[in-house]
Every structure is written in structure tokens, then in C-alpha cells.
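Just so it is clear: chains get the letters A, B, ... in the order the sequence lines come, proteins before strands, and each one is counted from 1.
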Amino acid sequence: MSHTPLDYIPGDSAFHRMHVVVKMAVMLSILLLMFSVGNLWLLGGLLLMTVALYRMSGVPWGYFKGLRALIPALLIFLISAQGLWYSGNRTPLFDPIMLPFRINFSGEGLQANALTLYAEGVLFGVVLAFRMLGMFLTFPLVFLTTPTTQLIAGLTEVGLPYQISFIFTTALRFIPFLHTSRERVTEAQRLRGMDLEGKGIVNAVRQTVPTIVPMITSALRTTSDLEVAIESRAFGAFDRRTAYRGRRFSRSDRNMVIGLAVATIIVAVSANVFFPARGF
Amino acid sequence: MTDGAVLAVDIRQLSYEYPSGVRALNRVDLAVEKGQCVAIMGPNGAGKSTLCLTLNGVIPHSVGGAFYGAVHIAGLDTMTHQVHDLARRVGLVMQNPEAQLLCPSVEDELAFGPENLCVPVSEIRDRIHAIAAAVRIADLLDRGPADLSGGQIQRVITAAMLTMDPEIMVFDEATSALDPRGALALFELARELNRTRAMTVLMTEHKSEPVAEFADRVVILNNGEVIDVGTPRQVFSQVERLTALGIAPPQVTRLMHALGFSAEALPVTLDAAEAMIRPKLAAAPAAPSEEDPPRGDGHDTSATRGALAAPVIEARDVSFRYAGKIDALRGVTLTIRQGEFVGLIGENGAGKTTLVKHFVGLLKPTDGTLTVLGRPAGTLTTSSLAGRIGLVLQNPDHQLFKTSVADEVKVGPARLRLKGDALETRAREAMQAVGIFQMADRHPLSLSWGDRQRVALASILAMQPEVVIFDEPTTGQDLAGRTIFMDLAYALNARGYTIIVITHDMELITRYARRCVVMKRGRVVMDDTTKEVFRHVDLLGDTFIEVPQIVQLAHRLSDCGVPPNTLTVEEMTGVLKRMGVGA
């Protein structure tokens with residue numbers, strides 16, 4: 001099995017040692033703050049903080065490799081879409097058709113047309129891109145630093161029904177399975193002359209059915225095996241079950257979650273008072 | 001049978017139909033006393049796995065369907081007890097190692113069952129350590145699922161069942177995905193549990209040699225019905241009847257049957273056979289002095305014949321390393337010539353599959369040179385090699401995606417730009433060659449596993465490759481399925497195809513392959529005629545290859561003049577007849 005973006009990375013960092021509910025609270029605070037403040041500097045700071053948490057937890061730089069392709073695409077898409085069509089657009093920034101001559105930060109005297117980018121939209125696009133990145137980055141760290149069983153145990157402790165958290169986490173365990181299955185299926189199709197070396201959209205579409213159908217078939221077969229395996233281990237015998245592992249959700253954990261909630265509200269409110277987002 | 005004691009398993013008049021309407025079991029009666037070890041045998045589709053699932057209540061509670069009769073487990077009616085109630089009494093180990101692991105580490109896996117049963121943490125900890133030591137996985141407790149071999153996974157699952165403290169352990173073809181070493185270790189574990197813990201053990205199994213050694217009783221299932229129950233001797237001595245059902249009795253039993261001994265006298269274990277034959281050999285007047293007996297099937301001539309043919313694959317010092325891992329191949333040098341029939345053997349992880357993936361361009365050597373059909377492998381892509389070298393993978397489900405068998409078979413040749421009549425002819429010939437022409441219009445996924453494998457083979461043959469490579473084609477197959485596949489390979493070879501077979505089934509290798517390449521930890525450690533390779537039983541044991549019973553017998557009797565490289569039942573029959581052993 002190969003490593004996928006949500007597989008547990010063993011470690012003993014401060015973040016690893018936190019109770020899973022506290023980890024989730026930390027990540028939720030960051031995410032909520034990102035959605036409640038509009039100031040670019042604050043947003044950037046929050047993103048940097050998240051990346052720092054990854055590094056502190058021992059996640060290698062290589063983990064972010066996938067994002068390298070994503071970030072420019074996200075920025076270009078959101079900035080151009082919002083720059084063109086954002087409802088709060090007032091200040092024309094520049095017009096790609098007449099680019100060298102019409103750049104004008106004050107916007108005075110600029111003749112707007114269908115391809116004019118507006119300052120408000122461009123800024124809002126950057127904000128949205130930062131928030132999207134925040135969504136991609138925050139919660140995976142919880143999975144990366146928590147073994148599945150601890151995740152289930154922790155969530156069950158604070159009242160989530162075990163069955164629900166189990167279904168949820170089993171679904172996550174299915175990701176690596178699909179990953180290997182995809183590798184095997186493409187191998188099998190290449191052996192029958194499927195051209196993976198060829199490029200282009202037509203070729204990509206042509207490859208879809210021969211890969212997807214066998215993947216679904218084997219996923220279905222594995223699901224029913226998995227179901228028998230789970231039942232054979234007396235799963236769901238009683239409403240409660242023993243938690244063999246995992247730190248108990250202690251009083252200090254609870255206080256920490258409450259503290260985080262209060263801090264989040266204070267920071268969110270004061271940020272909007274002292275660092276208002278400009279223009280929107 | 002028992003004096004009022006509660007039976008471990010008590011099945012009465014059990015009939016069962018799947019929700020799809022397929023009748024899997026028919027009026028099954030079976031009583032198993034506590035502490036017995038029972039083997040359930042039968043052809044594919046006989047109902048063995050279905051029977052196993054009725055033991056822990058998954059049938060009928062989770063699967064549904066029509067259930068008649070009664071199953072009692074340690075006195076509990078499975079109809080009125082929940083699956084989890086039965087699961088703590090019956091541990092089930094299934095065939096597919098990957099689909100049974102649920103947790104991120106072995107220790108969590110062992111804790112999962114007792115956690116569900118609300119066992120206190122301190123007791124779970126005690127159980128884990130005691131069981132892990134007993135099953136010899138104590139050093140694996142911190143490992144994740146990705147770092148375990150198939151054999152290790154099956155031991156972990158067994159241990160994960162044992163921490164629930166069951167009275168009965170069921171192994172449903174638990175060894176069929178394992179290499180001989182892993183399989184033997186699991187058999188020994190099952191026997192140990194049976195002997196030292198008085199655990200009741202039920203196992204479904206295709207190979208009769210281990211069953212004869214381990215089981216107290218054998219149950220033969222066919223078409224959902226129990227058609228025979230008895231001790232291994234009682235059951236296996238009916239050589240002709242079992243063979244007709246597609247079950248092969250132990251090799252020594254078949255040997256003594258062929259030598260004309262009566263059913264009552266037939267041995268089922270190697271020791272018993274040796275004890276029977278040895279005195280007769282001592283009394284025999286003369287032993288043949290010639291080591292190699294004359295053979296009619298041309299096995300011995302292949303080495304010289306092969307040397308004359310053109311090479312199709314030439315590997316020189318080929319090494320390969322998976323990213324970030326240890327070397328999978330270390331300096332493999334190997335030449336395979338046109339028209340050869342080569343067996344590629346060795347334990348799991350020896351590098352067999354990695355090597356053949358190089359032959360079809362799925363992998364490129366990190367070091368060394370590889371020439372395939374006269375061209376350096378680096379210049380060839382898998383899709384361009386597809387029409388010339390065919391690799392039949394183990395799991396047919398990874399490639400089937402069309403709605404009819406005929407369409408599925410046409411996929412390969414169509415990608416080679418074949419059209420119209422030429423395409424139809426190719427597909428028809430390939431389907432006829434593997435005997436699935438009558439299924440041309442059926443949906444591939446509605447077929448049995450064995451038939452799906454044949455569809456996969458036909459879809460490779462339709463591209464008319466010169467070399468056909470089989471990667472463990474017989475896993476989980478009964479005798480009939482195994483024989484059909486190997487006979488096919490043999491027939492293709494006779495028509496000029498070069499055949500390479502990867503398998504753990506040494507009985508098949510000794511019967512079909514003229515040349516054997518033995519791999520161990522990424523290296524080729526032996527490469528010779530099959531006869532020569534099996535002369536070195538000690539070396540084979542070192543590579544964890546299971547030596548067929550007949551070869552073991554030949555080695556034991558070599559001091560009496562039996563050639564130690566006698567490979568098959570037929571050969572041994574001839575040797576012993578000439579030496580005057582017979583009924």
C-alpha cells in the first residue's frame with residue numbers, strides 16, 4: 001500500500017500528544033478565524049501558523065508537493081473570476097486588452113469594458129484563495145497525527161455515537177485501498193494495450209471506463225468482505241465499548257477547548273475592529 | 001456419539017438460499033465434538049464458505065436469504081442469537097488477508113474485538129500479550145497493515161480472534177493466498193491451538209496432504225450437500241470417487257492406489273507410506289542402478305532443445321529498487337528461449353512478480369541490461385509489447401469492464417487496431433482455446449472466479465503473444481480448475497508458445513515445467529531442469545519451497561535405490577513397479 005494524504009504519520013510531537021478533540025478545536029478555531037477576518041495579512045499569518053503546525057508535527061515538506069500545482073491554479077481562477085464579476089467591484093484596476101497603457105490604481109478616467117479587472121474583486125479572490133487553502137490544510141493534520149482507533153475513541157468520548165465515527169473512519173481507510181486498486185487496474189489495462197503514454201483529453205476519456213469499472217467491482221467485493229470481517233469481531237455488541245487506547249478527555253482538555261472558543265471570538269471581533277478589510 | 005455433552009457445532013438439516021436465489025446448502029447435517037479438528041473439502045462452488053458463514057451467524061443475520069434447519073454453536077441457536085453474541089464464540093479467518101484488517105496497528109487490531117465486548121483495559125492488555133506470544137507475533141505489535149506479509153496478516157487475524165476468547169476457530173481457505181511457508185505456519189498454528197488449548201478447529205482446504213496430517217475428520221461437500229464424513233483414511237482411500245469430484249487425495253495415497261493396493265490398506269501420510277514401502281524394497285531382489293529412469297514425456301531433452309532455440313528474454317545483471325525500499329532484484333541473469341516452459345518459484349517477496357513485470361515493460365531495470373524479443377527493454381512500452389508478450393495477472397477482476405465475454409476478449413486486439421472479421425476470428429479462437437466460447441454473450445462478472453480467470457486469459461491470448469506469463473493462475477482453485485489452467489498452458493506450449501508460470505503449487509511445477517528458476521530475496525539461486533532442481537531438497541527447503549510429497553518420499557527411500565529426483569506420482573509408480581513393489 002502506498003501513502004496517501006490522510007494516512008497516520010507516527011510521531012511524538014506536542015500536537016501528536018494532544019487529545020483528538022483539542023486538535024479538532026485548534027483546527028476549527030483557525031478555520032473559523034479565516035472565515036471571519038478579511039484582512040490579507042491576518043489571513044496569511046493564519047496560513048503560516050497552520051504550516052508551522054505541520055512542520056512541528058514532523059510532516060515532511062514533500063507532503064505539500066500536491067499543493068504546488070494547486071496554489072497557482074486556485075489564485076488564477078479565483079482572481080480572474082472575482083476580478084471580473086465580484087458584486088462589490090467599483091475600482092477598475094486594469095484592462096488586459098490595453099494592459100500597458102491603462103493601468104490605473106485610482107481608477108479615474110478608465111473606460112471599463114467586459115475584460116476589465118477590478119481591485120475589489122482581485123483582493124477578494126486572494127482572500128477566497130487563502131480560505132480555500134485553509135480548508136485544504138487544517139483538518140488533514142488531525143488525521144495525520146492521530147491513529148484511526150484514537151480518532152474513534154476520542155470522538156466517542158465526547159458523545160459521537162461509535163457506529164457513526166467508525167463508518168466515518170472506515171471510509172477513510174478505504175482511500176489507500178482505492179489507491180492500490182487503481183494502480184493494479186491500470187497495470188492490467190496496459191497489459192492489454194491501453195496507451196497510458198499517450199496524452200490529450202480524448203485519450204484520458206478513453207482510459208476512464210476501463211479503469212473505473214474494475215475499481216468499482218473490486219471495491220464492492222472488498223466492502224462485503226470488510227462487512228463480514230467487522231461483524232465477526234463482535235462490532236456493535238453493546239452501546240458502550242472499552243477504550244483500550246487514547247488519552248482520556250480530561251478537565252484541562254475541556255478547559256482548553258473553552259479557552260480556544262473564547263479566544264477565537266475575541267480575536268475575530270477585535271481583528272474586524274482594528275484591521276478591517278478594505279473595500280469590502 | 002456424545003453422552004449428552006454439548007456439541008461444539010451441531011448442524012441439522014440446514015438448507016440455505018442466497019437472496020439472489022442461488023441454493024448454496026442442501027440438507028446439511030454435521031456434528032462436531034469439542035476439541036476436534038475438522039477439514040471441509042469440496043470443489044469450488046460446493047458451499048464451503050457459505051457453511052463457514054453460518055457458523056458465526058453472518059448467515060442469515062447479515063446476508064439474508066432463505067434459511068431452513070438449525071445451527072447450534074456451543075448450544076446456542078444461531079437463529080435466535082445475534083452475530084456479536086456468536087462472534088465471541090466463533091473466530092473466523094477468511095481468504096483475503098487485506099480485507100480483514102480494520103485498525104492502524106497490530107496491537108489495536110488485537111484490542112478491537114475485546115473492546116467491542118467491553119472487556120476491561122487491563123484484561124485486554126493481558127490477553128494481547130499472552131496471545132501475541134503464543135501466536136508468535138509479539139514483535140509485530142507496533143506494525144501497521146502495510147508492513148505485514150500475507151502470512152503475517154493471517155496470524156494477526158487469528159490472534160485478533162483469539163483475544164475474544166472463542167471456543168471454535170474457523171479457517172476459510174485462510175492459507176490459499178499464502179506461500180507454502182506461510183501456509184504451513186498457519187496449519188501448525190491451527191494444530192497447536194487444537195492440541196494445547198483443546199480448541200475446536202474447522203478449516204476449508206483444497207490440499208489434502210496437510211489435511212491428512214492435521215485433521216481428525218474430513219467432510220466432503222459437493223453441490224451444497226455433505227456426501228462423505230470420516231477419518232482422513234476413510235475418506236481419502238476412495239481415490240477414484242474423490243478424483244471424479246475434483247478433489248485430489250494425498251500423493252502417497254494415489255501412488256499406492258496406482259500400485260494396486262486395496263482401499264483398506266492405503267496410507268494417507270508420508271510416514272505411513274514410507275513404513276509400507278520400505279520393507280517391500282528391502283525384500284525386493286534388485287534395485288535399478290541407473291539414477292534416471294527412462295521417461296517418455298521428453299522432460300530431459302528440453303535443456304538441449306532449449307539451447308538451440310532463439311532467446312526471447314535475456315536479462316544480464318538486472319537489478320531493481322522500488323522507490324525508497326530495499327532492492328527487489330539483485331543482479332538477475334537469465335535467458336529464456338523460444339518454446340520453453342519455465343516454472344518461476346520462490347517464497348513471497350522473492351522478486352518473481354517484479355521480475356516478470358520487467359519482461360512486459362511495466363518496470364524498467366535500475367541497473368543491468370534486459371533484452372526482450374531482441375530489443376532493449378528501455379525502448380519498449382507496455383502497450384507496444386502487449387501484442388507480443390502476455391502477462392495474465394492473478395486477479396481477473398482488475399481488468400474486466402465490458403458487459404459481455406466476447407466484448408471483453410476483443411478489447412486487446414481492438415487496441416492493436418484489428419477490425420471486422422479479423423477481430424471476430426481472433427476473439428472466437430481465443431475463447432475456443434480456453435473453452436469459454438459458449439459463454440460469449442454472458443456478463444463476465446456473472447461467472448465463477450475460475451471462469452473469470454479464463455476470460456482474462458482469453459483476452460490476453462486474443463492478442464496472439466509469443467510469450468505467455470502466468471502469475472499464480474491457480475490460487476484458490478480446486479483440482480479441476482488447477483488442472484484445466486495448466487493443461488491449457490501445456491497445450492499452448494505444444495503449439496510453440498513460450499510459457500512462464502509463477503506458482504507456489506510444486507505438484508503442478510513437477511508435472512508441467514521442464515525448467516525451474518528458483519528465486520530468493522531478489523536473486524536467482526537455482527536455474528536448471530526441474531529434475532535437477534528437485535534433486536536439491538535441502539536447498540529448496542532453504543528457500544521455503546514446499547517439496548511435493550512424492551519428492552520427499554523419493555529422498556527418504558533413496559538409500560533403498562529409489563532415484564531421489566523422482567517427481568510425479570506416475571513416475572514413482574513406474575519406479576516402484578520396476579523394483580517389484582506392488583499389491
Side-chain angles (χ1 to χ4, degrees), chain A residues 1-3 7-8 10 146-151 153 162 166 170 173 176-177 180-181 184-198 209-218 221-238 240-245, chain B residues 53 56 58 61-62 82-85 87-88 90-92 94 96 98-105 107-108 111-121 124-125 144-146 160-161 164 357 360 362 381-383 386-387 390-391 393 395 397-401 411-412 415-416 445 459-460 463:
Chain A
M1 266 186 263
S2 39
H3 202 81
D7 279 355
Y8 173 62
T146 321
T148 322
T149 34
Q150 267 188 43
L151 191 67
Y162 182 76
F166 189 81
T170 312
R173 258 192 54 76
F177 166 78
T180 20
S181 154
R184 289 178 188 169
V185 168
T186 20
E187 265 182 9
Q189 299 300 357
R190 286 172 72 188
L191 289 170
R192 289 198 301 169
M194 186 170 84
D195 186 11
L196 270 186
E197 286 86 3
V209 173
T211 356
I212 296 291
V213 174
M215 272 178 72
I216 294 174
T217 325
S218 50
R221 281 180 207 273
T222 306
T223 319
S224 65
D225 280 357
L226 206 61
E227 196 189 327
V228 172
I230 291 170
E231 299 228 5
S232 304
R233 304 272 284 281
F235 178 64
F238 305 101
R240 293 195 63 82
R241 69 194 288 280
T242 315
Y244 174 66
R245 246 194 228 276
Chain B
L53 292 183
N56 69 356
V58 167
H61 291 294
S62 307
Q82 297 290 316
V83 178
H84 55 74
D85 225 5
R88 69 212 290 183
V90 184
L92 173 66
M94 294 181 293
N96 181 354
E98 280 169 26
Q100 299 176 78
L101 289 176
L102 311 170
C103 301
S105 81
E107 187 169 357
D108 291 303
F112 185 80
E115 278 181 312
N116 289 331
L117 296 171
C118 291
V119 176
V121 172
I124 295 182
R125 191 164 293 128
M161 295 296 172
M164 292 164 69
K357 278 186 178 173
V360 292
L362 283 173
T381 60
T382 303
S383 50
L391 169 59
L393 294 170
N395 188 343
D397 295 341
H398 284 140
Q399 66 169 69
L400 304 176
F401 69 100
V411 169
R415 283 179 183 150
L416 297 177
L445 295 180
S459 74
I460 295 289
M463 297 191 285

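Here B/Met463 is the residue among B/His61, B/Gln100, B/Met463 with the most heavy-atom pairs under 4.5 Å with chain A. When each of B/Cys118, B/Gly412, B/Gly390 is scored by its heavy-atom pairs under 4.5 Å with chain A, the top score falls to B/Cys118. Note: A/Ala234 leads A/Ala234, A/Ser181, A/Ser224, A/Ala229 in heavy-atom pairs under 4.5 Å with chain B.
Between B/Phe112 and A/Phe235, the ring planes are parallel. Angles under 30° get that label, and only those over 60° would be called perpendicular.
Residues A/Phe238 and B/His84 form no side-chain contact, since every pair of their non-hydrogen atoms from C-beta on lies 4.5 Å or further apart. At least one side-chain heavy atom of A/Glu187 sits less than 4.5 Å from a side-chain heavy atom of B/Lys357. Contact check for A/Arg192 versus B/Ile460: side-chain heavy atoms found under the 4.5 Å cut-off. Counting heavy atoms from C-beta on, the side chains of A/Met215 and B/His398 never come closer than 4.5 Å.
Heavy atoms closer than 4.5 Å to chain B are found in both the backbone and the side chain of A/Ile230. Neither the backbone nor the side chain of B/Leu416 comes within less than 4.5 Å of any heavy atom of chain A.
Closest heavy-atom contact between B/Glu107 and A/Tyr244: OE2-OH, 2.6 Å.
Checked by atom type, the side-chain pair B/Asn56/A/Ser232 shows a donor-acceptor distance below 3.5 Å.
Side chain of B/Gln399 to backbone of A/Ala188: no donor-acceptor contact under 3.5 angstrom is found. Remark: the backbone N or O of A/Arg233 is paired with a side-chain donor or acceptor of B/Asn116 at under 3.5 angstrom. Of the possible donor and acceptor atoms, one in the side chain of A/Thr242 sits under 3.5 Å from a partner among the backbone N and O of B/Val119.
One finds the OG1 atom of A/Thr211 at 8.5 Å from the CZ atom of B/Phe401 (value rounded to the nearest 0.5 Å). Here the straight-line distance linking atom CG of B/Leu362 with atom CG of A/Leu191 works out to 5.0 Å at 0.5 Å rounding. Here the straight-line distance linking atom OG of B/Ser383 with atom CE of A/Met194 works out to 9.5 Å at 0.5 Å rounding.
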Stepwise side chain to side chain contact (heavy atoms under 4.5 Å, CB included) test for A/Thr217 and B/Leu400: CA-CA 9 Å; A/Thr217 325; B/Leu400 304 176; over 6 Å; no
